[in-house]
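A, B, ... follow the sequence lines: proteins, then strands. Residue 1 opens every chain.
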There are 2 protein chains.
Amino acid sequence: MVSDDREDPGTERGHRHVRADAQRNMDALLEAALAVFTSSGVDAPVREIAEKAGVGIGTLYRHFPQRADLIAAVCRREIDACANAAVSLAAAHKPSEALARWMQRYAGFITTKRGLAPALHSGNPAFEGLRDYFEQRLQPALRNLLDAAAVAGEVRGDIDPDDLLRAVGSLGMRSGDDGPEHTQRMVALLVDGLRYGAGPGLPKTP
Amino acid sequence: MVSDDREDPGTERGHRHVRADAQRNMDALLEAALAVFTSSGVDAPVREIAEKAGVGIGTLYRHFPQRADLIAAVCRREIDACANAAVSLAAAHKPSEALARWMQRYAGFITTKRGLAPALHSGNPAFEGLRDYFEQRLQPALRNLLDAAAVAGEVRGDIDPDDLLRAVGSLGMRSGDDGPEHTQRMVALLVDGLRYGAGPGLPKTP
DNA sequence: GTTTTATACGGAACAATGTTCCGTTTAACA
DNA sequence: TGTTAAACGGAACATTGTTCCGTATAAAAC
């Protein structure tokens, strides 16, 4: 049934010709799924997504044989976007500002994907590799921002990126209690904490 | 599994007599639901619970009009059992030992009800009052254990029960990553931390 | 441009599960 | 024992995940 090299379902191109309509529908599905997940949570009906994307149910299931596959794909896509944002932000702002903005962006990613974290921890094998992807992709991105800001003397240099990621992650999950702007405030506080230990006249470059 | 602190909640006297079979079925349902939730998670099919309880679907829905109502009822029952356990443990062991055992019991409650925490934060109105119930019931129970142990000079006295509850809660949720005994070890560590600052006859002061 | 073919498409049909409805049974009481 | 209101059971309905397959079509071959 399925041909040989369909290992990479992402926007990878190069080996085999992908039919144009297939690629188009896949993109439409991912975009629709993102919108629906964001507004209705990851438990939203698949039919709603297919309809929003303007494709049939069969098409959706052709590209994402299981509901979890669609969730994972959307998630990967968002992780990539988040990691890429680090580069853009670093280019457009001074280090500490880029760091602050990225932290808020990451927090937004977490809070808007509510229901996703429980799904990740559900033991579903479709999500197996996703947690690693999380760290492998996001941790370097944040580390770069942190290092740059530390070198510029704008934040302290003794912070572990993973700690920050986890902290924001935890804050984001709890936001069901207090609303999304609570998370925003707490993240802002975290960033201020990073800035605290680093005076402008205190270069700590070894 | 320890479960002796469950006391029957339904024998409310005051208005009309509750039919014996109704009470019996309700108990059977709660017991079956607890077993099924523990082994299969809170998303287990209702039919399975009804069957295990030996009643029809209609009976289940008569007592718990929504699936969430059943989850909430089981949860309340377990919270009560956990709170009651504090009293039994305090009577049977020396203060720090009672505290340690209760912490493990609470941790067990959290980890075995996996999937419940996400449900609580899902915004479903059926769970509205449950979070409050959590704190109102468990916080005093833990406070008593803490105070007794502190007065006996077995643990430090500057600990906020809520902090401990939250800490164990967070540890329990993360246990999907590392298995339940990881949580157990971490809780044990917490308790040792409590013991650390308090020598016998040494009113602690850092 | 036409033909060919593998691929993709759409949606009906199936399966699992939450929920409702209603005829039947029965515990409680006189 | 007879009456009755409450409870029971499970078929039927609604929603949603998933599969299947006949049809349509993009890309290649000619």
Side-chain angles (χ1 to χ4, degrees), chain A residues 1-6 8-9 11 13-30 32-33 36-37 40-74 115 119 122 124-127, chain B residues 10-30 32-33 36-37 40-74 115 119 122 124-127:
Chain A
M1 63 187 298
V2 172
S3 61
D4 31 17
D5 53 54
R6 250 184 93 343
D8 191 346
T11 54
R13 55 193 330 159
H15 344 143
R16 201 73 169 164
H17 272 209
V18 179
R19 256 174 66 166
D21 54 349
Q23 183 66 49
R24 206 182 325 128
N25 283 334
M26 184 132 173
D27 289 343
L29 278 170
L30 284 173
V36 171
F37 288 162
S40 310
V42 292
D43 288 333
V46 245
R47 281 172 176 76
E48 191 181 333
I49 296 170
E51 189 181 5
K52 185 155 200 158
V55 307
I57 295 285
T59 302
L60 189 156
Y61 271 90
R62 159 167 288 267
H63 291 299
F64 307 100
Q66 305 271 336
R67 169 196 190 70
D69 296 326
L70 177 57
I71 297 176
V74 168
S122 67
N124 188 322
F127 298 131
Chain B
T11 47
E12 190 79 16
R13 305 273 159 160
H15 31 106
R16 270 287 197 245
H17 271 213
V18 179
R19 258 174 65 165
D21 54 350
Q23 183 66 51
R24 207 182 324 128
N25 284 333
M26 183 133 174
D27 288 344
L29 278 169
L30 284 173
V36 171
F37 288 162
S40 309
V42 292
D43 288 332
V46 262
R47 279 172 177 76
E48 190 180 335
I49 296 170
E51 188 180 6
K52 184 156 201 158
V55 307
I57 293 286
T59 302
L60 188 155
Y61 271 90
R62 160 167 286 266
H63 291 299
F64 307 100
Q66 305 271 335
R67 169 197 191 70
D69 296 326
L70 177 56
I71 297 177
V74 168
S122 67
N124 189 322
F127 298 130

**Q** Show, in sequence, the C-alpha distance, side-chain angles and deciding distance for B/Gln66 and B/Asp69, and conclude whether the side chain to side chain contact (heavy atoms under 4.5 Å, CB included) test is met.
**A** CA-CA 5 Å; B/Gln66 305 271 335; B/Asp69 296 326; 3.4 Å; yes

**Q** Judged by each residue's nearest nucleotide on DNA chain D, which is more toward the 5′ side, B/Gly56 or B/Arg19?
**A** B/Arg19

**Q** For A/Arg67, report the nucleic acid contact type (base, sugar-phosphate, nothing); a contact means any heavy atom under 4.0 Å.
**A** sugar-phosphate

**Q** If I take atom CD in residue B/Glu51 and atom P in nucleotide D/dC8, what distance separates them, rounded to the nearest angstrom?
**A** 18 Å

**Q** Give a yes/no answer on whether the side chain of B/Gln66 brings an N or O atom under 4.0 Å of OP1 or OP2 in C/dG18.
**A** no

**Q** Distance check: side-chain N/O of A/Thr59 vs OP1/OP2 of C/dG10, anything under 4.0 Å?
**A** yes

**Q** Would you tell me if any nitrogen or oxygen in the side chain of B/Tyr61 comes within less than 4.0 Å of OP1 or OP2 on C/dT20?
**A** no

**Q** Under 3.5 Å, is there an N or O donor on one side and an acceptor on the other linking the side chain of A/Arg47 and the base of D/dT18?
**A** yes

**Q** Between C/dT17 atom P and B/Leu70 atom CG, what is the distance in whole Å?
**A** 16 Å

**Q** Rounding to an integer number of Å, can you tell me how far B/Leu60 CG sits from C/dC21 P?
**A** 17 Å

**Q** State whether the side chain of B/Arg67 and the backbone N or O of B/Val42 hold a donor-acceptor pair below 3.5 Å, judged by distance alone.
**A** yes

**Q** OP1 or OP2 of C/dA27 versus the side-chain N and O atoms of B/His17: is any pair under 4.0 Å?
**A** no

**Q** Which nucleotide in the list D/dA27, D/dT18, D/dA7 gets nearest to the side chain of A/Val46?
**A** D/dT18

**Q** Using a cut-off of less than 4.0 Å, is there contact between a side-chain N or O of A/Asn25 and OP1 or OP2 of C/dC9?
**A** yes

**Q** Once you round it to whole Å, what is the distance between C1' of D/dG17 and CD of A/Glu48?
**A** 14 Å

**Q** In whole Å, what is the span from the CG atom of B/Asp43 to the P atom of C/dT17?
**A** 11 Å

**Q** For B/Gln23 and D/dA6, give me the distance from atom CD to atom C1', rounded to whole Å.
**A** 14 Å

**Q** Measure the shortest side-chain to side-chain distance between A/Leu30 and A/Phe64 over non-hydrogen atoms and say whether it is less than 4.5 angstrom.
**A** yes

**Q** Given the rule in the side chain to side chain contact (heavy atoms under 4.5 Å, CB included) test, do A/Ile49 and A/Phe37 qualify, once you have shown the distances and angles that lead to the verdict?
**A** CA-CA 9 Å; A/Ile49 296 170; A/Phe37 288 162; 3.7 Å; yes

**Q** Which part of the nucleic acid, if any, lies within reach of A/Ala44 when heavy atoms closer than 4.0 Å are counted: base, sugar-phosphate only, or nothing?
**A** sugar-phosphate

**Q** Nearest whole Å is fine: how far is C/dG10 P from A/Arg24 CZ?
**A** 10 Å

**Q** Between D/dA6, D/dA11, C/dT7, spot the one nearest the side chain of A/Arg62, thanks.
**A** C/dT7

**Q** Pick the closest DNA chain C nucleotide for B/Pro65 and for A/Asp21 by heavy atoms, then say which residue is nearer the 5' end.
**A** A/Asp21

**Q** Could you go through B/Tyr61 and B/Val46, starting from their C-alpha distance and side-chain angles, then the distance that decides it, and tell me whether this counts as side chain to side chain contact (heavy atoms under 4.5 Å, CB included)?
**A** CA-CA 9 Å; B/Tyr61 271 90; B/Val46 262; 4.0 Å; yes

**Q** Return the value, rounded to whole Å, for the distance between atom CZ of A/Phe64 and atom P of C/dG10.
**A** 14 Å

